[in-house]
Amino acid sequence: MTTEIEILQYLHYNPLAKRSDILPSLSKQVSDRTLMRMLSEATAKGHIEVVGRGPATRYRLTPQAHVTMELNLGTYFDKDVDERQVQESFNFELINEILPKVDLFTDEELQRLDNAQKLFRQHLSEMSELEYRKEMERLGIDLSWKSSQIEGNTYSLLETERLLKEKQTASGKTKEEAVMLLNHKDALDFILDVPDYLKDLTVAHIEEIHALLTKELGVERNIRHRRVGITGTNYTPLDNEFQIREALEDTVRLINGKNNIFEKALLALVLLSYIQAFTDGNKRTARIVSNGILIANGYCPISFRTVDSIDYKKAMLMFYEQNNISAFKRIFIDQFLFAVKTYF
């Protein structure tokens with residue numbers, strides 16, 4: 001890890017720190033003059049903001065750096081849940097004040113994604129409607145399996161394929177597991193049949209996708225009006241129904257206001273999970289809504305097939321606890337590139 005990254009990581013967890021606070025935290029000993037130069041360079045790059053003057057000078061990350069800088073997941077999750085320094089409550093500034101000012105992707109990342117999208121469009125132009133639907137069916141099976149597996153479903157990929165194609169349930173599995181998978185298929189079929197449905201996102205559209213994904217699973221359809229906890233973290237989502245709806249409305253406004261489709265899809269993935277608007281099914285809803293945004297705009301959808309479930313959950317927890325998107329962004333990019341290469 002470079003000294004510059006160490007400085008940024010220290011400021012991430014210790015905002016408004018003085019130079020005298022930063023200096024002893026560095027693994028490599030540097031002079032105060034060298035630290036001043038490095039802080040000045042990081043400020044010029046737009047990573048750090050300077051607050052105050054003279055002896056009262058303090059440093060903090062810019063919103064851009066706070067949201068997108070690389071954080072070390074290994075060392076972070078080596079700490080027990082109660083030892084981690086986290087933002088335990090919902091950050092009201094995140095959606096309205098911070099994320100509108102942040103570019104989620106670097107120019108290089110966007111170039112990679114745009115090149116893959118061009119390849120997808122080229123392949124699509126060479127396919128018949130029947131071939132396209134077959135590839136979408138294959139992707140849909142993988143997405144239904146992986147999305148459900150992340151939530152603890154024990155169906156294998158082959159068992160999922162048999163269920164979705166032949167309606168044959170697997171022995172030793174619960175009825176709820178089969179229903180969860182079939183609901184994914186219904187939600188995906190709905191999006192494919194009405195491809196423009198999520199072009200302009202609304203709270204009602206999000207609620208409808210959630211209803212499709214959770215039908216016959218004993219999950220309340222409406223926005224929750226009681227507290228929920230999340231296993232493995234001390235982050236506690238909003239528990240006020242009116243604040244939850246307001247957060248959803250703000251999220252819809254933010255996503256619709258973005259021009260870049262990749263930013264729209266990534267924001268839907270993380271923010272619908274972060275808000276936890278429903279008693280259950282939030283991450284499933286986020287994955288399907290995100291894919292619906294991609295499909296509505298003619299972009300390749302994502303199956304998440306090769307994602308490790310633990311890595312997915314850690315990346316999500318990092319966003320819950322630190323409002324940092326870097327780990328989840330890596331997953332999104334890798335899975336988009338995988339989808340273009342694998343299905344189309």
Side-chain angles (χ1 to χ4, degrees), residues 67-68 70 73 99 102-127 131-150 157 184 187-188 191-192 195 197-199 201 209 254-256 258-274 283-316 318-319 324-344:
V67 172
T68 63
E70 292 283 337
L73 263 68
L99 287 173
V102 170
D103 294 318
L104 297 182
F105 298 96
T106 65
D107 291 341
E108 180 190 9
E109 289 166 344
L110 283 177
Q111 188 64 57
R112 292 176 66 203
L113 290 168
D114 287 336
N115 287 342
Q117 171 61 15
K118 288 175 184 175
L119 189 62
F120 168 70
R121 294 302 297 268
Q122 178 188 330
H123 291 169
L124 212 60
S125 68
E126 300 166 356
M127 297 173 71
E131 288 172 329
Y132 170 72
R133 291 299 292 227
K134 280 189 173 181
E135 285 304 293
M136 282 302 305
E137 180 185 40
R138 189 161 71 94
L139 185 148
I141 290 169
D142 287 352
L143 172 58
S144 300
W145 165 70
K146 177 55 71 171
S147 181
S148 299
Q149 186 201 58
I150 290 171
L157 181 54
H184 273 84
L188 286 166
I191 287 172
L192 289 174
Y197 188 69
L198 294 175
K199 189 135 193 176
L201 196 59
I209 297 299
L254 172 66
I255 292 172
N256 287 338
K258 290 283 185 177
N259 293 320
N260 186 276
I261 306 304
F262 296 116
E263 288 206 346
K264 288 175 181 280
L266 180 56
L267 285 169
L269 261 179
V270 294
L271 290 179
L272 295 184
S273 300
Y274 180 62
K283 293 193 296 294
R284 277 169 276 165
T285 302
R287 287 188 285 273
I288 299 303
V289 168
S290 178
N291 269 309
I293 290 171
L294 291 170
I295 291 169
N297 289 280
Y299 280 59
C300 182
I302 298 174
S303 71
F304 299 98
R305 192 180 89 187
T306 61
V307 170
D308 180 87
S309 298
I310 299 299
D311 289 342
Y312 187 100
K313 290 173 183 175
K314 283 182 176 180
M316 199 72 259
M318 184 62 85
F319 188 79
N324 182 275
I325 206 169
S326 61
F328 209 93
K329 180 175 65 168
R330 284 199 303 274
I331 289 174
F332 180 89
I333 292 171
D334 289 345
Q335 290 306 303
F336 185 83
L337 299 178
F338 172 82
V340 171
K341 178 182 177 182
T342 304
Y343 302 105
F344 300 98

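Excluded from the calculations below are hydrogen atoms, water molecules and symmetry mates; all remaining heavy atoms, backbone and side chain alike, are included.
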Residues that [X] engages under side chain to side chain donor-acceptor pair (under 3.5 Å), provided they are two or more places apart:
X: Ser273; result: none
X: Lys258; result: Glu263
X: Arg138; result: Glu135

Could you pull out all donor-acceptor pairs under 3.5 Å where a side-chain atom in residues 335-344 meets a protein atom, sequence neighbours excluded?
{"from": "Gln335", "atom 1": "OE1", "to": "Arg305", "atom 2": "N", "distance (Å)": "3.4"}
{"from": "Gln335", "atom 1": "NE2", "to": "Thr306", "atom 2": "OG1", "distance (Å)": "2.8"}
{"from": "Thr342", "atom 1": "OG1", "to": "Phe338", "atom 2": "O", "distance (Å)": "2.7"}
{"from": "Tyr343", "atom 1": "OH", "to": "Asp142", "atom 2": "OD2", "distance (Å)": "2.6"}
{"from": "Tyr343", "atom 1": "OH", "to": "Ser303", "atom 2": "OG", "distance (Å)": "2.8"}

Between Leu266 and Phe328, does a side chain to side chain contact (heavy atoms under 4.5 Å, CB included) hold up when you go through it step by step?
CA-CA 9 Å; Leu266 180 56; Phe328 209 93; 3.9 Å; yes

Within this structure, what is the [atom1]-[atom2] distance for the pair [X] and [Y], rounded to the nearest 0.5 Å?
X: Asn291; Y: Leu188; atom1: CG; atom2: CG; answer: 7.0 Å
X: Leu104; Y: Leu99; atom1: CG; atom2: CG; answer: 6.5 Å
X: Phe262; Y: Ile333; atom1: CZ; atom2: CD1; answer: 9.5 Å
X: Asn260; Y: Phe105; atom1: CG; atom2: CZ; answer: 7.0 Å
X: Glu109; Y: Lys329; atom1: CD; atom2: NZ; answer: 3.5 Å
X: Ile295; Y: Leu139; atom1: CD1; atom2: CG; answer: 8.0 Å

Side chain to side chain donor-acceptor pair (under 3.5 Å): pairs with one or both residues in residues 112-125, sequence neighbours excluded:
Gln111-Asn115

Minimum-distance pair of heavy atoms, taken over all atoms of [X] and [Y]:
X: Ile191; Y: Ile288; result: CD1-CG2, 3.4 Å
X: Ser326; Y: Thr68; result: CB-O, 3.5 Å
X: Ile150; Y: Lys313; result: O-CE, 3.1 Å
X: Cys300; Y: Leu294; result: O-CD1, 3.5 Å
X: Leu254; Y: Leu271; result: CD2-CD1, 3.8 Å
X: Phe304; Y: Lys146; result: O-CG, 3.0 Å

Start with the C-alpha distance between Ile141 and Trp145, add both sets of side-chain angles, then the distance that settles side chain to side chain contact (heavy atoms under 4.5 Å, CB included), and finish with yes or no.
CA-CA 6 Å; Ile141 290 169; Trp145 165 70; 5.5 Å; no

Side-chain ([X]) to main-chain ([Y]) donor-acceptor, under 3.5 angstrom:
X: Lys264; Y: Lys199; result: no
X: Ser290; Y: Ala286; result: no
X: Asn324; Y: Met318; result: no

Crowding at [atom1], [X] (>12 non-hydrogen neighbours, <6.0 Å):
X: Glu126; atom1: CD; value: yes
X: Asp107; atom1: CG; value: no
X: Lys283; atom1: NZ; value: no

For a side chain to side chain contact (heavy atoms under 4.5 Å, CB included) check, start with the C-alpha distance between Tyr132 and Leu192, then their side-chain angles and the critical distance, and finish with the verdict.
CA-CA 11 Å; Tyr132 170 72; Leu192 289 174; 4.1 Å; yes

How about Arg330 and Glu70: do any of their side-chain heavy atoms sit closer than 4.5 Å?
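Sidechains of Glu70 and Arg330: in contact.
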
Checking Lys314 now: which residues fulfil side-chain contact (heavy atoms from CB on, under 4.5 Å) with it, not counting sequence neighbours?
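Result, side-chain contact (heavy atoms from CB on, under 4.5 Å) vs Lys314: Leu73, Phe77, Ile310.
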
